[in-house]
Amino acid sequence: MNSHEAPELSPALAHRAGLSRGELRYQRCAPCSAAVFPPRTLCPDCGSLSLSWQRSTGIGTVYATTVVRGRDGAHNVVLVDLDDGFRMMSRVEGPAPEDVAIGDRVRFRTTADAETADGDTPDGETADGNTAVFVPEEDVR
Amino acid sequence: MTQSLRGRAAVVGVAESDLGEVAPGLTHLDLIGQATARALADAGIAKSEVDGLFTASSYLPMAAMDTAEYLGIRPRHLDGTNIGGSSFVSHLLHAAAAIEQGLCSTALIVYGSTQRSDGGRLISPTRPDPYEEPYGPRYPLSMYALATSRHMYEYGTTREQLADVAVAARAWAQLNPAAFERKPLTREDVLGSRMISDPLTVRDCCLVTDGGGALVVTSAERARDLASEPAYLLGGGEATWHRNISRMPDLTLTAATESGRRAFETAGLTPADVDVVELYDAFTINPVLFLEDLGFCAKGEGGPFVADGGIAPGGRLPVNTNGGGLSYGHPGMYGIFTVIEAVRQLRGDCDERQVDGARVALAHGNGGVLSSQVTALLGTADALN
Ligand SMILES: [Zn+2]
């Protein structure tokens, strides 16, 4: 890159920029077509630097689930397999934490969307309120 | 590890430091000092002969230098590889290779932690993953709970079967005076204990203790001239497929499949040849996964394999004969204790818990969140020939 060109966003910042616009972004490798998440500079499958940004459909399936129980109550932690071909940790909002089950179909939204929708602020939030979470697919408004 | 390393090095000294809840003010380095002196005495080797030092620490990112200074050792070969709890089994393989290549001749592998005296907090240099931390998983417990949920879903593994892993560990611990928890434990006790990260209860989790350990390793040629009975390294393998649980390709299949295959190939052995098994049991799901992945039972059959006393004293396979991380002790990282117990079993030093005629022992370390897997096969002189 020449010094007078505007610098590109780093992989992490490009992902966060997506979240702030209500998008779940991941990368797709040009040579091998791998879906790459979390964002990085190199394809972990084939080693290529040719990764391009994609907007995820946001639809996925719960792959694994647990309920973390502490003094402040219980919350759900899941791994979600997105239909686009990548996996991420998240939580499913809406159902009671223990009612989230492997195989459940879920849809992405951000916690900023959640605040608009039901006015509460779930714990474990990032500073700008844009954390990728999921809701049961039929509950999407 | 290549075939040529089979039987080339041996563990000739093993020891623990004070264990459980140690005297106030003792540090992790103090425990390493205790374990070192005891292991060298066990080997009949002077500290001045140690020229290779291997260690990993939860406290110090450059632990090898701090440890060398504390012990008064000037090593010509240092290995500070830190791959979590599997580090020390890895160090054993690295030490054998270093000795074979002439990088050192007397290797000391050490670990110490005062995690219990520190207040039970997991001292860890690990930085939370920014793509996992916002969701509040309890590291590392919730990651193992996620793997457990998937194993239950795919193979019908039950909480009762997992509870039996903890019950078996306690039964072995009752035969080991050095174990921290020796009160009777039933399946119902485990099932009825406090749930922390579903489906794992507090009794599905390892203890929080203080403790340290040391191993002395040298060449097989030299080992034959020493007072102690050598435990020969017959084979070993390492494998790492991920760091964070959300990047583990299949939560029911660990890299122990690869580390184990390599260890057995090097040793020229199969699981049927193994008399005693020491697995890193940070959580009750671990032995289930590792017994499957190391080939002691088929994938998905780990639950039935461990249930109803299958791995308890008198069961089908002696597993974690010291009581394991679940009942013997777990000072932050447990891997070195798998080797210590394997060596003692091969020497016939285990009194009430001794596995009769143990010739081949497997020690398996696990690091991170099922991330790093290291397998070592050790044997008596009889097994070597
Ligand atoms: Zn690629």
Side-chain angles (χ1 to χ4, degrees), chain A residues 11-13 15-16 19 24 26 34 36-40 44-45 61-82 86-93 96-104 110-111 122-134, chain B residues 120-121 127-157 159 162 193-205 240-254 283-285 289 369-371:
Chain A
L13 291 177
H15 176 254
R16 294 193 60 78
L19 286 178
L24 179 60
Y26 69 103
V36 177
F37 189 87
R40 64 195 82 184
D45 277 18
T61 304
V62 174
Y63 173 74
T65 183
T66 186
V67 181
V68 183
R69 299 179 188 273
R71 286 189 199 87
D72 307 326
H75 67 274
N76 158 270
V77 175
V78 294
L79 298 179
V80 175
D81 281 344
L82 278 297
F86 66 97
R87 179 178 298 163
M88 63 182 291
M89 185 175 281
S90 190
R91 66 172 167 258
V92 178
E93 300 189 335
E98 58 273 15
D99 289 342
V100 177
I102 292 174
D104 286 355
T110 70
T111 44
D123 59 352
E125 191 116 335
T126 54
D128 66 356
N130 285 311
T131 299
V133 298
F134 288 81
Chain B
R121 195 164 57 90
R127 288 189 190 180
D129 180 75
Y131 297 91
E132 295 188 350
E133 189 186 22
Y135 307 106
R138 189 162 159 186
Y139 183 93
L141 164 65
S142 297
M143 289 65 175
Y144 288 86
L146 288 165
T148 308
S149 80
R150 191 70 200 181
H151 203 277
M152 287 176 157
Y153 176 83
E154 289 196 25
Y155 300 112
T157 307
R159 285 191 59 209
L162 295 172
S193 60
R194 184 166 50 92
M195 191 68 81
I196 317 181
S197 194
D198 300 23
L200 300 180
T201 70
V202 65
R203 292 280 161 250
D204 288 292
C205 302
T240 300
W241 291 351
H242 69 279
R243 170 67 184 93
N244 296 288
I245 200 69
S246 53
R247 267 80 89 197
M248 183 172 179
D250 176 345
L251 264 62
T252 67
L253 188 73
T254 75
F283 302 95
T284 50
I285 189 65
L289 289 168
V369 289
L370 297 168
S371 316

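In the text below, chain A, chain B and the rest are named by the order of the sequence lines, each starting its count at 1.
No side-chain heavy atom of B:S149 sits under 4.5 Å from any side-chain heavy atom of A:T66. Counting heavy atoms from C-beta on, the side chains of A:L79 and B:M248 never come closer than 4.5 Å.
Although no hydrogens or angles enter the test, the distance criterion places no donor-acceptor pair under 3.5 Å between the side chain of B:Y131 and the main chain of A:F37.
With a 4.5 Å cut-off on non-hydrogen atoms, A:A12 touches chain B through its backbone and its side chain both. Both the backbone and the side chain of B:I245 come within contact range of chain A, judged by heavy atoms closer than 4.5 Å. Residue B:R194: no heavy atom, backbone or side chain, is found under 4.5 Å from chain A. Within the 4.5 angstrom heavy-atom criterion, no atom of A:F86 approaches chain B.
Partner of B:S197 under the side chain to side chain contact (heavy atoms under 4.5 Å, CB included) criterion, chosen from A:V68, A:V67, A:V77: A:V68.
Contacts with chain A were tallied for B:N244, B:T148, B:L251, B:D198; B:D198 has the most, counting heavy-atom pairs under 4.5 Å. Comparing A:G103, A:A101, A:S90 by heavy-atom pairs within less than 4.5 Å of chain B, the highest count is held by A:S90.
B:Y135 and A:A132 get closest at one heavy-atom pair: OH-O, 2.5 Å. The two atoms that bring A:M89 and B:S246 nearest to each other are N-CB, 4.0 Å, heavy atoms only.
The number of heavy-atom neighbours closer than 6.0 Å to CZ of B:R138, taken from other residues, nucleotides and ligands shown, is 12 or below.
Taking B:E154 as the reference, B:R150 meet the salt bridge (charged side-chain N to carboxylate O under 4.0 Å, His left out) condition, with sequence neighbours excluded.
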